[in-house]
Protein chains: 2
Amino acid sequence: MAELDTFDYRLLELLQENSRMTGNELAQRVGLSSAACLRRVQRLRETGVIERDVAIVSPKVFGKKMMVIVLLTMERDRPDRYMLMRDEFAKMPEVVQCHHVTGAHDFVLRIQVSDMDEYSAFVDRVFHEPYIKRYESLAVLGSLK
Amino acid sequence: MAELDTFDYRLLELLQENSRMTGNELAQRVGLSSAACLRRVQRLRETGVIERDVAIVSPKVFGKKMMVIVLLTMERDRPDRYMLMRDEFAKMPEVVQCHHVTGAHDFVLRIQVSDMDEYSAFVDRVFHEPYIKRYESLAVLGSLK
DNA sequence: CAAATCCATGCGAGATTTTCGCAAAAATTC
DNA sequence: GAATTTTTGCGAAAATCTCGCATGGATTTG
């Protein structure tokens, strides 16, 4: 992608807030015609500046009311396992986020489950592996953003 | 909102992945007519099951290339500070996520900044408060989802 | 410095998508 | 099992998006 100008940034800002805004609404706010706005947005999508569009569903609805943050520490002698782990985490529906980090821990995971039972089962299934040295579970009491 | 049936859940699942899916595409996947799908989606939005729709912008574009996860521990004698802290975090653009958690730490923050300098400034400004006992920064090397 | 080239623009037609009224089918209530 | 309510599919109308085209401004080129 070439360079983004002020219009593009403004559009991104707006769409990050509400991606269902129509061409006319955008036009009104950025001071371009509807067509121009939509053409720009189209380009932003094609070039990957806008990666995707998602609906944000109220967490209550899915009944996945329990969120846990896990700090994972792997055995130091198996750095090759990192990528494999990551890929496996990617496939698990309970894992909504996975960060590979520096420092005392190796991974920070955000886990979404319905209840303690489901979490407990998840832990048994996933964390009791030889290359996992330690895990620390932080139950989330409340969140912002 | 009344009850959600299997169709609704399927629609939510799809829209969570890609909210730009058209009525026909949805129809094809859930086995209802386009109109029925769109009517349901409309209702899901109206009733707040779908809270909003957002565009996900590549973090690189905004120049916020650095992500840090911070484990925050507050002084135990000031639990009243928790809510105030939370509200303050909510206002900071660097804080993209904030979870209040149980366990050894009190908050887990996800911070997005352009570089080390900006992070350093952020730390000085925010974490050097008397009621903050300890903070641990985990730089994110890579992420999934 | 003018000519040529390049890009993004606005306009508007055409295509796609969404919304809505309606009658029929399905599900629910009594 | 009849009556009522809800949801469906269809299709028309409305809204939205896409695209070709000519124009105008900026940059490049000769």
Side-chain angles (χ1 to χ4, degrees), chain A residues 1-65 93 96 112 114-115 145, chain B residues 1-65 93 96 114 145:
Chain A
M1 177 99 196
E3 264 322 291
L4 301 184
D5 64 14
T6 321
F7 287 125
D8 293 319
Y9 281 115
R10 193 74 227 291
L11 288 170
L12 289 175
E13 222 172 86
L14 290 167
L15 292 175
Q16 255 179 328
E17 203 57 40
N18 170 17
S19 64
R20 303 192 72 237
M21 207 166 271
T22 115
N24 279 323
E25 293 175 307
L26 293 171
Q28 202 169 1
R29 274 158 242 242
V30 308
L32 282 179
S33 73
S34 166
C37 289
L38 291 171
R39 248 185 315 241
R40 277 164 176 269
V41 173
Q42 200 172 24
R43 213 157 79 89
L44 291 170
R45 285 193 220 282
E46 283 167 5
T47 56
V49 171
I50 294 177
E51 293 178 348
R52 53 208 270 259
D53 291 75
V54 301
I56 294 188
V57 176
S58 166
K60 295 175 214 156
V61 171
F62 262 126
K64 301 288 191 173
K65 298 204 308 273
V96 293
Q112 191 96 253
S114 350
D115 51 33
K145 311 201 183 184
Chain B
M1 176 98 197
E3 263 323 288
L4 301 184
D5 64 13
T6 320
F7 287 125
D8 292 318
Y9 282 115
R10 193 72 226 291
L11 288 170
L12 289 174
E13 221 172 89
L14 291 167
L15 293 175
Q16 258 179 327
E17 203 57 40
N18 169 18
S19 64
R20 303 192 69 237
M21 207 167 271
T22 139
N24 278 324
E25 292 175 308
L26 292 172
Q28 201 170 1
R29 273 159 243 242
V30 308
L32 283 179
S33 74
S34 166
C37 290
L38 291 171
R39 248 184 318 240
R40 277 164 176 269
V41 172
Q42 199 172 24
R43 213 158 81 89
L44 291 170
R45 284 194 222 281
E46 283 167 5
T47 56
V49 171
I50 294 177
E51 293 177 347
R52 54 207 269 261
D53 290 77
V54 301
I56 295 187
V57 176
S58 166
K60 294 176 213 158
V61 170
F62 266 124
K64 303 286 190 175
K65 297 203 310 270
V96 293
S114 353
K145 310 203 183 186

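We name chains A, B, ... by the order of the sequence lines, and we start the count at 1 in each one.
The existence of a salt bridge linking A/Arg45 and A/Asp53 is confirmed by a sub-4.0 Å separation between a basic side-chain nitrogen and an acidic carboxylate oxygen. At a threshold of 4.0 Å, the pair B/Glu13-B/Arg10 counts as salt-bridged, since one of the basic side-chain nitrogens sits closer than that to a carboxylate oxygen.
For the pair B/Glu25 CD and C/dT17 C1', the interatomic distance rounds to 11 Å; values are reported in whole Å. Atom pair B/Leu38:CG and C/dC20:C1' shows a separation of 12 Å (rounding to whole Å applied). As a whole-Å value, the separation of A/Gln42 CD from D/dC17 C1' is 8 Å. Going from atom CG of B/Asp5 over to atom P of D/dT6 covers 15 Å, rounded to whole Å. Regarding A/Leu4, its CG atom lies at a distance of 12 Å from the P atom of C/dA8, rounded to whole Å. Atom CG in A/Leu32 sits about 18 Å away from atom P in C/dC7, given to the nearest Å. Summarising the geometry, the separation between CZ on A/Phe7 and P on C/dA8 is reported as 12 Å, rounded to the nearest angstrom. The nearest whole Å value for the distance from the CD atom in B/Gln28 to the P atom in D/dG9 is 14 Å.
Residue-to-nucleotide proximity on DNA chain D shows that, of A/Ala35 and A/Asn24, the 5′-proximal contact is made by A/Asn24. Both B/Gly23 and A/Ser34 sit near DNA chain C, but only A/Ser34 has its closest nucleotide nearer the 5' end.
Atom CD of B/Glu51 has more than 12 heavy atoms from other residues, nucleotides or ligands within 6.0 Å. Environment of CD in B/Gln16: crowded, with over 12 heavy atoms of neighbouring residues, nucleotides or ligands closer than 6.0 Å.
Remark: A/Ser33 is not in phosphate contact with C/dC11, judged by side-chain N or O atoms under 4.0 Å from OP1 or OP2.
Side-chain to base pairing of A/Arg39 with D/dG20: one donor and one acceptor N or O lie within less than 3.5 Å of each other.
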